[in-house]
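Residue indices begin at 1 and follow the sequence shown.
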Amino acid sequence: MRLTGLLSAALYIGSGLSSSPFDIPPGRLHPRQATGVAWKPCFRENTECVGLAVPLDYANPSAGSARLAVIRYKATATPRLGTLFLNPGGPGGSGVQLVELSGRTFSNLTGGHYDIVGWDPRGINNSLPLIDCFASPIAESQMLTRIQNIQVEAGRNFSALDAQNLYAQQSYVDQTISSVYESCFTTQGDNLKYVGTVCLQGCWHRGK
């Protein structure tokens with residue numbers, strides 16, 4: 001997700017995802033039952049992907065479904081002892097990318113006895129709803145420039161001038177973050193309520 005240091009929400013469902021390895025098969029647009037998942041090869045050797053349909057709102061099943069992108073690096077040794085779930089944090093980190101690039105490393109560290117599984121939380125990369133707070137790449141670039149200009153420095157001896165600079169920067173930080181929120185709400189509206197801690201926790205428990 002873009003602007004990972006500030007936000008982990010804003011919704012845009014793109015039209016260019018039709019060939020994604022995380023596509024949900026026809027007839028599986030509703031949350032799955034405990035019947036297993038249809039893994040398929042993706043990206044690199046020994047990795048498999050799947051798109052899981054999960055409730056958009058766990059408190060309101062009629063709200064529809066979201067898509068959770070999941071990847072695994074399969075266990076390479078016997079006996080297989082279980083599954084290790086990886087979450088890169090962030091906010092905004094891609095678990096799919098983490099396993100794609102480093103699944104073998106984590107597998108080797110654990111003797112190859114575990115499936116190494118990662119997922120993209122809602123709003124990030126391959127999961128849907130996808131989050132994008134900005135109307136265009138130019139708007140995003142302008143905001144990132146503003147963020148990069150945020151600098152609050154203080155020496156060992158904190159003077160009155162240092163305090164003034166600190167307060168001035170704090171106001172700039174508040175204004176910048178507020179403008180990001182405003183951009184998100186403008187482009188996404190009520191969709192943001194489906195991308196938050198409660199929804200992510202529900203997806204986590206369902207994935208396990």
Undergrad: Using 0.5 Å steps for rounding, measure from the CG atom of N126 to the CD atom of Q97.
TA: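 Here the rounded value is 9.5 Å.
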
Undergrad: So, for S127 and A69, which heavy atoms are closest and what is the spacing to 0.1 Å?
TA: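 Taking S127 first and A69 second, the nearest heavy atoms are OG-N, 2.9 Å.
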
Undergrad: Atom CG in L192, atom SG in C133: separation rounded to 0.5 Å?
TA: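 Here the interatomic distance stands at 7.0 Å.
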
Undergrad: So does P137 get a backbone contact from the side chain of S141, meaning a donor-acceptor N/O pair under 3.5 Å?
TA: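 Absent.
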
Undergrad: Can you tell me how far NZ of K193 sits from CG of N60, rounded to the nearest 0.5 angstrom?
TA: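 The distance works out to 8.5 Å.
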
Undergrad: Within the structure provided, determine whether I116 and F85 are in side-chain contact (heavy-atom separation under 4.5 Å).
TA: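 No. Closest side-chain heavy atoms not under 4.5 Å.
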
Undergrad: Could you tell me if the side chain of R44 sits less than 4.5 Å from the side chain of E100, heavy atoms only?
TA: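 E100 reaches R44 side chain to side chain.
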
Undergrad: Considering all heavy atoms of both residues, which atom of R72 and which atom of V99 are nearest to each other, and what is their separation?
TA: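 For R72 and V99, the tightest heavy-atom pair comes out as C-CG1, 4.2 Å.
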
Undergrad: Roughly how far, to the nearest 0.5 Å, is the CG atom of L128 from the OG atom of S65?
TA: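 Reported value, rounded in 0.5 Å steps: 11.5 Å.
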
Undergrad: Give the minimum heavy-atom separation between G93 and P88, together with the two atoms involved.
TA: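 Result for this residue pair: C-CG, 3.6 Å.
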
Undergrad: Calculate, to the nearest 0.5 Å, the distance between atoms SG and CZ belonging to C184 and F134 respectively.
TA: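 So the gap between those two atoms works out to 6.5 Å.
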
Undergrad: Taking side chain as C-beta onward, heavy atoms only, is N125 less than 4.5 Å from V96?
TA: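 No; the side chains remain at least 4.5 Å from each other.
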
Undergrad: What are the two closest non-hydrogen atoms of P129 and V195, and how far apart are they?
TA: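 Shortest heavy-atom separation between P129 and V195 comes out as CG-CG2, 4.0 Å.
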
Undergrad: Do L81 and L84 sit in the same hydrophobic cluster, where Ile, Leu, Val, Met, Phe, Trp and Tyr count as joined when their side-chain heavy atoms come under 4.5 Å apart?
TA: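 The answer is yes; both residues are in one hydrophobic cluster.
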
Undergrad: Looking at every non-hydrogen atom in both residues, tell me the closest pair between E48 and C42 and how far apart they are.
TA: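 Nearest heavy atoms, E48 then C42: C-SG, 3.4 Å.
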
Undergrad: Quick check: is L98 connected to L101 through a chain of hydrophobic side chains (ILVMFWY, heavy atoms under 4.5 Å apart)?
TA: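 Looking at the clustering, L98 is in a separate group from L101.
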
Undergrad: Would you check, one step at a time, whether the test side-chain contact (heavy atoms from CB on, under 4.5 Å) holds for L86 with F106?
TA: CA-CA 9 Å; L86 300 185; F106 284 103; 3.5 Å; yes

Undergrad: Is there side-chain contact between V70 and L68, with heavy atoms separated by less than 4.5 Å?
TA: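 A side-chain contact under 4.5 Å exists here.
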
Undergrad: With a 3.5 Å distance limit and no angle check, can you tell me whether T110 reaches the backbone of S107 through a side-chain donor-acceptor pair?
TA: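 Looks like yes, one N/O pair under 3.5 Å.
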
Undergrad: Rounded to the nearest 0.5 Å, what separates atom CG in D120 from atom CZ in R67?
TA: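 Result: 9.5 Å between the selected atoms.
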
Undergrad: Just by distance, do the side chain of S183 and the backbone of S179 share a donor-acceptor pair under 3.5 Å?
TA: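 No, S183 side chain to S179 backbone: no donor-acceptor pair under 3.5 Å.
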
Undergrad: Determine whether V54 and Y58 satisfy the following criterion, side-chain contact (heavy atoms from CB on, under 4.5 Å), listing intermediate values before the conclusion.
TA: CA-CA 8 Å; V54 297; Y58 282 88; 3.7 Å; yes

Undergrad: Check the pair I71, W119 against side-chain contact (heavy atoms from CB on, under 4.5 Å), reporting the backbone distance first and the verdict last.
TA: CA-CA 6 Å; I71 186 174; W119 74 101; over 6 Å; no

Undergrad: H113 vs T78, test: side-chain contact (heavy atoms from CB on, under 4.5 Å). Steps then yes/no.
TA: CA-CA 6 Å; H113 292 283; T78 55; 5.8 Å; no

Undergrad: Kindly give the heavy-atom pair with the smallest separation between R122 and Y194, and that separation in Å.
TA: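 Where R122 meets Y194 most closely, the heavy atoms are NH1-O, 3.1 Å.
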
Undergrad: Within the distance-only criterion (no hydrogens, no angle test), does the side chain of R80 pair as donor or acceptor with the backbone N or O of K74 below 3.5 angstrom?
TA: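 No, because the side chain of R80 does not come within donor-acceptor range (under 3.5 Å) of the backbone of K74.
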
Undergrad: For atom CZ of F43, decide whether the heavy atoms of other residues, nucleotides or ligands shown that lie under 6.0 angstrom number more than 12.
TA: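 Enclosed: over 12 neighbouring heavy atoms sit under 6.0 Å from CZ of F43.
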
Undergrad: Within the distance-only criterion (no hydrogens, no angle test), does the side chain of T186 pair as donor or acceptor with the backbone N or O of E182 below 3.5 angstrom?
TA: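 Here the side-chain-to-backbone pair exists.
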
Undergrad: Mark yes or no for whether D115, through its side chain, and T83, through its backbone, hold a donor-acceptor pair below 3.5 Å.
TA: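 Looks like no, no N/O pair under 3.5 Å.
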
